[in-house]
2 protein chains.
Amino acid sequence: MFPQKNRNDVNTIMSTLIQSPAWQALQAHFKSIKNTSMRDMFAQDNQRFNKFSTQMDDILLDFSKNRINDETFKLLCELVRERHVFDWRDKMFAGEAINISEFRPALHTALRNRSNTPVFVEGENVMPKINRVLAQMRYFSGRIRGGHLRGYSGHLFKDIVNIGIGGSDLGPHVVCDSMKPYAQRGLDVHFVSNVDPTHLTEILKRVQPESTLFIVSSKSFTTQETMLNAHSARNWFINHTNDKKAIARHFVAVTTNREKATEFGILEENMFEFWDWVGGRYSLWSAIGLPIALYIGMDRFEQLLDGAHAMDQHFKTAPIEKNMPVIMALLGIWYSHFFAAQSYAVISYNQYLRRFSAFLQQLDMESNGKTINRQGQQVDYTTGPIVWGETGSNCQHAFFQLFHQGTRLVPVDFLIPANTCNPLRNKLGNQHEVLLANFFAQTRALMRGKTEAEALAELEASGMAAEKIKAVLPHKIFAGNKPTNSIIFERLDARTLGSLIALYEHKVFVQGIIWNINSFDQWGVEYGKQMASDIENVIAEGKETQRYDDSTNHLMNYCRLLRAEFP
Amino acid sequence: MFPQKNRNDVNTIMSTLIQSPAWQALQAHFKSIKNTSMRDMFAQDNQRFNKFSTQMDDILLDFSKNRINDETFKLLCELVRERHVFDWRDKMFAGEAINISEFRPALHTALRNRSNTPVFVEGENVMPKINRVLAQMRYFSGRIRGGHLRGYSGHLFKDIVNIGIGGSDLGPHVVCDSMKPYAQRGLDVHFVSNVDPTHLTEILKRVQPESTLFIVSSKSFTTQETMLNAHSARNWFINHTNDKKAIARHFVAVTTNREKATEFGILEENMFEFWDWVGGRYSLWSAIGLPIALYIGMDRFEQLLDGAHAMDQHFKTAPIEKNMPVIMALLGIWYSHFFAAQSYAVISYNQYLRRFSAFLQQLDMESNGKTINRQGQQVDYTTGPIVWGETGSNCQHAFFQLFHQGTRLVPVDFLIPANTCNPLRNKLGNQHEVLLANFFAQTRALMRGKTEAEALAELEASGMAAEKIKAVLPHKIFAGNKPTNSIIFERLDARTLGSLIALYEHKVFVQGIIWNINSFDQWGVEYGKQMASDIENVIAEGKETQRYDDSTNHLMNYCRLLRAEFP
């Protein structure tokens with residue numbers, strides 16, 4: 001059952017990962033450390049922070065609050081060598097076709113290659129065309145932001161509506177949300193992704209046709225959700241303006257399909273290209289980032305690229321023991337396989353980062369939610385974890401109960417900027433300092449726990465009656481020993497955000513390499529689409545169906561009744 | 001390691017749950033069914049839908065796409081009898097002090113007891129005071145919505161800002177989000193919860209003091225995050241108005257602490273009471289729902305209560321085999337314990353429900369993220385799962401890859417209304433129909449999977465070269481057999497939403513009873529708060545610290561440097 005066995009299982013011998021000496025050694029070592037408490041390890045070793053922390057620019061990763069000791073860390077690092085992670089890293093950066101099921105490279109790093117050193121794909125240096133599109137984005141975003149390009153009736157653009165889904169939504173969305181303090185005054189940005197007509201409808205209620213710029217983001221210009229929303233937006237626009245020609249001033253496209261975009265009414269000069277060696281979930285660095293450039297300006301968009309490039313350089317040059325994405329990848333595998341943790345949480349103590357975990361969900365689960373290895377065999381270990389999370393301090397009042405006292409082990413990444421751009425202080429305190437205090441307190445409390453003796457002493461000191469103490473005491477004990485990473489940085493600006501996103505990209509990459517899977521395809525999303533298209537026709541016919549399984553037939557027929565009764 | 005062992009483990013004998021005959025029988029039965037495919041079960045039994053579905057009003061739960069057969073279901077239902085779930089249910093409804101660590105009842109059901117039959121707490125019928133507060137809410141919300149109560153300068157109220165955290169935020173927040181189509185024109189509602197000053201700051205940018213009503217929601221009127229935000233909002237208001245007296249017209253409180261609310265400047269008549277037998281995460285039915293009543297009107301708020309009451313009646317009267325919350329609870333336990341699924345996902349195919357999973361995270365994880373049973377012993381089984389989710393169809397392009405082809409088993413609840421209030425149709429199709437088609441397609445694809453033979457036939461039909469087919473084929477196979485619940489209802493209105501929320505409340509309750517834990521306390525949130533208060537003082541002093549563990553000290557000192565350098 002775990003991992004899920006495929007009916008067509010071809011893999012009966014032990015995988016190279018499980019066979020590898022470092023893995024076998026980790027397996028043996030795990031038995032000796034699995035019950036060791038971090039509280040004791042901290043008491044016995046006052047160098048844990050120095051050993052188990054690393055820094056890139058101002059971004060500090062403290063991973064000392066993990067259930068590892070010197071031996072664990074040594075063996076995990078050994079795994080990196082045995083699995084040739086750095087060879088694969090170099091292949092990725094060099095543009096080799098590491099996406100083996102789609103026969104192409106994965107070159108998001110070239111998009112932010114600020115050093116501008118040549119990167120070759122099939123003999124062609126791709127940097128010139130990358131730079132050409134960046135220049136096009138700079139020109140266009142400058143003209144919009146400067147008021148040189150205006151709506152059909154001469155209005156300044158006040159609203160950008162990005163229409164895209166998946167990678168054409170989550171990346172630019174999380175960046176725009178996070179960069180709100182740096183947005184141009186008077187310019188707002190909105191993201192429509194869901195085919196649910198409510199999504200577009202509610203956003204259109206808030207904008208005016210004469211001051212709205214629509215970006216239609218779809219590589220093929222055929223993504224169903226995106227094109228449905230794009231056409232509905234186009235109809236809305238024409239209904240209000242009665243002017244089909246005005247479409248050219250209000251719609252632009254991020255696409256490679258010039259023909260279809262032209263048909264839609266978009267000008268050649270307003271089409272922004274990207275390439276098939278950029279995966280959707282790695283595409284915010286490309287023209288897919290156009291809403292970012294419009295919202296915060298091209299200089300800041302380039303700072304975002306700079307930050308990612310800095311993390312790329314760190315990933316390429318830092319030794320294993322100080323290599324941030326490598327370390328986070330190893331810890332993830334440690335908990336995932338050995339401690340059987342199926343998920344990890346990312347908790348940003350920053351309200352602007354509220355969609356960071358939604359972005360990471362795609363990045364991680366779409367990349368590594370796989371069971372077939374690079375040789376086409378079923379894996380015999382677990383792969384990509386579930387990612388989830390909300391913002392702190394909020395979620396301390398929601399699900400932290402389970403972190404502290406539940407039966408599930410959830411490793412957590414805690415993120416916080418040292419400074420806020422919105423300081424507030426009143427007679428009860430300094431809000432950002434309280435936020436910081438909660439950040440430090442939670443990671444410490446999760447690590448330490450609270451013993452029965454400590455809980456008892458506290459209850460007695462509170463003057464509670466002995467009878468009540470007896471009832472309450474067991475509930476006041478905390479097992480502790482819950483692992484966390486702490487990531488702290490100076491402030492949340494474009495450069496730092498770029499570095500943080502690249503950090504997780506490379507973490508996911510390293511895990512994919514160790515697991516011997518292709519992190520760059522996503523065949524799993526195709527099947528549902530295919531089936532939906534069949535079902536859509538049946539729904540449109542409006543008749544009762546017996547075409548599918550007993551469950552689907554009944555659901556569809558019940559739905560039909562509900563719709564027919566209340567049209 | 002799993003479940004996490006407490007240092008103070010006192011429980012060495014097998015728990016009554018593990019010992020119970022139904023559990024033992026399930027254990028044996030599991031071995032025989034764990035590899036059975038649903039595809040085969042559907043092929044062999046054309047009565048699965050009739051056997052494995054149930055309905056309450058228009059809400060249909062189809063649970064036939066689960067890895068169960070007649071025997072599984074019989075044994076799971078037997079567990080309900082053996083664990084006396086219905087006795088506990090009756091105790092809850094009757095107001096017995098089932099929250100044993102806090103010595104009080106859990107009476108959220110009384111708040112929506114639309115039959116108005118007496119409910120006694122320590123000899124007192126609580127219905128009159130519940131009705132009194134409802135009447136107060138009706139009067140107040142009517143006066144605001146009707147424009148009889150206005151801001152200090154005579155402006156109509158245009159914005160409601162709710163300041164609260166945890167249960168004082170998530171419940172009303174998800175309801176207001178979901179009920180947007182029913183909101184009063186010209187009235188908007190905002191929720192501030194995070195102590196991060198960014199949260200309040202960004203909302204205050206969008207509202208004007210003269211037309212904003214603040215609700216401060218805190219039972220004790222001492223919740224740190226809430227009171228910090230409330231005082232910052234109060235300062236902002238006074239800075240703009242230079243009129244302390246105006247506070248009384250712009251701030252109201254949902255609290256039991258009249259003294260502190262008076263001190264803040266709030267009038268007695270604008271204080272809305274609730275009671276200590278209402279837990280935070282079950283409080284949206286109480287005065288905590290005031291922002292709902294203001295936003296959509298008291299009639300609709302009462303429809304919300306009606307819907308919850310209808311689900312209460314269903315829970316009280318339906319036989320086990322047709323009892324919706326009971327069935328969902330049992331399936332959760334089936335996957336959690338026997339299939340070792342640590343999480344479940346809730347995917348609403350409705351953009352208005354985008355925060356439903358965030359609400360459920362608190363409801364479920366704060367209720368059942370426990371390791372200590374009602375007798376104060378460590379449990380020897382896993383308890384509450386991790387809950388997560390986003391809206392469909394969006395997340396099909398994000399993390400569905402992992403559902404389809406990952407190594408983690410994630411049972412999923414799919415929710416959808418048959419009708420939309422925002423129909424959109426264009427030349428490419430009817431958007432809501434496409435949404436429905438995706439809903440049906442995903443649950444069907446997850447159930448069926450795709451065999452190697454099927455995948456091969458498709459690739460060959462596509463005309464792909466044999467060499468390419470060889471490389472791609474393994475990635476086009478889907479194991480299937482992924483369990484889902486389908487929940488479909490006529491439309492998302494207040495009554496239905498009330499029923500849905502109550503459904504999950506009772507599901508969580510039933511699981512807590514079967515696991516023999518107290519779902520109504522949350523001691524796990526206290527420890528971090530306590531530690532934060534200590535750390536806050538150290539931060540405020542601004543000096544280097546050696547007070548804590550090596551990790552926390554270094555983190556705090558590094559943060560201090562980053563803050564000092566860039567003040």
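Owing to the predicted nature of the structure, the values given are computational and were not obtained by experimental measurement. All chains are named by letter (A, B, ...) in the order of the sequence lines, taking the proteins before the strands, and each is independently numbered beginning at 1.
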How far does CD of A:Gln378 sit from NZ of A:Lys370, to the nearest 0.5 angstrom? 14.0 Å
Minimum heavy-atom separation for A:Asn46 to B:Asp550, with atom names? O-OD2, 3.2 Å
For the residue pair B:Gln224 / B:Glu536, report whether a side-chain donor-acceptor contact shorter than 3.5 Å exists. yes
Proximal component of B:Phe52, with respect to chain A [non-hydrogen, under 4.5 Å]: neither
Side chain to side chain contact (heavy atoms under 4.5 Å, CB included) for B:Arg281 and B:Leu170? Distances and angles first, verdict last. CA-CA 8 Å; B:Arg281 56 194 173 276; B:Leu170 293 159; over 6 Å; no
Go through A:Ser486, A:Ser393, A:Ala471, A:Gly528 and name the one with the most non-hydrogen pairs under 4.5 angstrom from chain B. A:Ser393
Which atoms of B:Ile416 come close to chain A, meaning under 4.5 Å heavy atom to heavy atom: side chain ones, backbone ones, both, or neither? neither
Looking at A:Met365, A:Glu433, A:Gln431, A:His432, which has the largest count of heavy-atom pairs under 4.5 Å with chain B? A:Gln431
Which region of B:Lys470, side chain (C-beta onward) or backbone (N, CA, C, O), has a non-hydrogen atom less than 4.5 Å from a non-hydrogen atom of chain A, or is it both or neither? neither
Can you tell me which portion of A:Asn235 sits under 4.5 Å from chain B's heavy atoms? Options are side chain, backbone, both or neither. side chain
Non-hydrogen atoms of chain A under 4.5 Å away: do they reach the side chain of B:Asn229, the backbone, both or neither? both
Can you tell me which portion of B:Val538 sits under 4.5 Å from chain A's heavy atoms? Options are side chain, backbone, both or neither. neither
With a 4.5 angstrom heavy-atom cut-off, could you sort out which part of B:Thr552 is near chain A: side chain, backbone, both or neither? both
The interface call for A:Tyr527 against chain B, heavy-atom contacts under 4.5 Å, is both
Do B:Lys34 and B:Phe339 meet the cation-pi criteria used here (NZ or CZ under 6.0 Å from the six-membered ring centre, within 45° of the axis)? no
Quick one: what part of B:Ser193 sits under 4.5 Å from any heavy atom of chain A, side chain, backbone, both or neither? both
Between A:Ser343, A:Cys421, A:Pro423, A:Pro385, who has the most heavy-atom pairs with chain B when the cutoff is under 4.5 Å? A:Pro385
With a 4.5 angstrom heavy-atom cut-off, which part of B:His404 approaches chain A: side chain, backbone, both or neither? side chain
Between B:Val472 and chain A, which part of the residue has a heavy atom less than 4.5 Å away: side chain, backbone, both or neither? side chain
Measure up the B:Phe403 and B:Phe400 rings against each other and bin them: parallel (under 30°), tilted (30 to 60°), perpendicular (over 60°). tilted
Can you tell me which portion of A:Ser232 sits under 4.5 Å from chain B's heavy atoms? Options are side chain, backbone, both or neither. both
Checking B:Tyr349 against B:Asn394: is there a side-chain donor and acceptor pair closer than 3.5 Å? no
Just to verify, what does B:Phe440 make a ring-ring contact (aromatic ring centres under 6.0 Å, His included) with, not counting sequence neighbours? none
Do B:Thr443 and B:Lys65 get their side chains close enough for a donor-acceptor pair, meaning under 3.5 Å? yes
Would you tell me whether A:Asn368 and A:Thr383 have side-chain atoms, one donor and one acceptor, within less than 3.5 Å of each other? no
So which of A:Ser64, A:Pro197, A:Ala441 has the largest heavy-atom pair count under 4.5 angstrom toward chain B? A:Pro197
Residue part contacting chain A, namely of B:Gln522, when any heavy atom lies under 4.5 Å: both
Please tell me whether B:Asp62 and A:Ser551 have a donor and an acceptor in their side chains that are separated by less than 3.5 angstrom. yes
Give the member of A:Glu225, A:Arg425, A:Gln351, A:Met227 that has the highest number of heavy-atom pairs under 4.5 Å with chain B. A:Gln351
Bottom line for B:Tyr548: the part with an atom under 4.5 Å from chain A's heavy atoms is both
Heavy-atom pair count under 4.5 Å with chain B, highest-scoring of A:His199, A:Arg48, A:Lys476: A:His199
Segment of B:Asn350 engaging chain A (4.5 angstrom heavy-atom cut-off): both
Between B:Asn422 and A:Thr201, is there a donor-acceptor pair closer than 3.5 Å when you use the side chain of the first and the backbone of the second? no
So, the part of B:Gln47 with a heavy atom under 4.5 Å from chain A: the answer is backbone
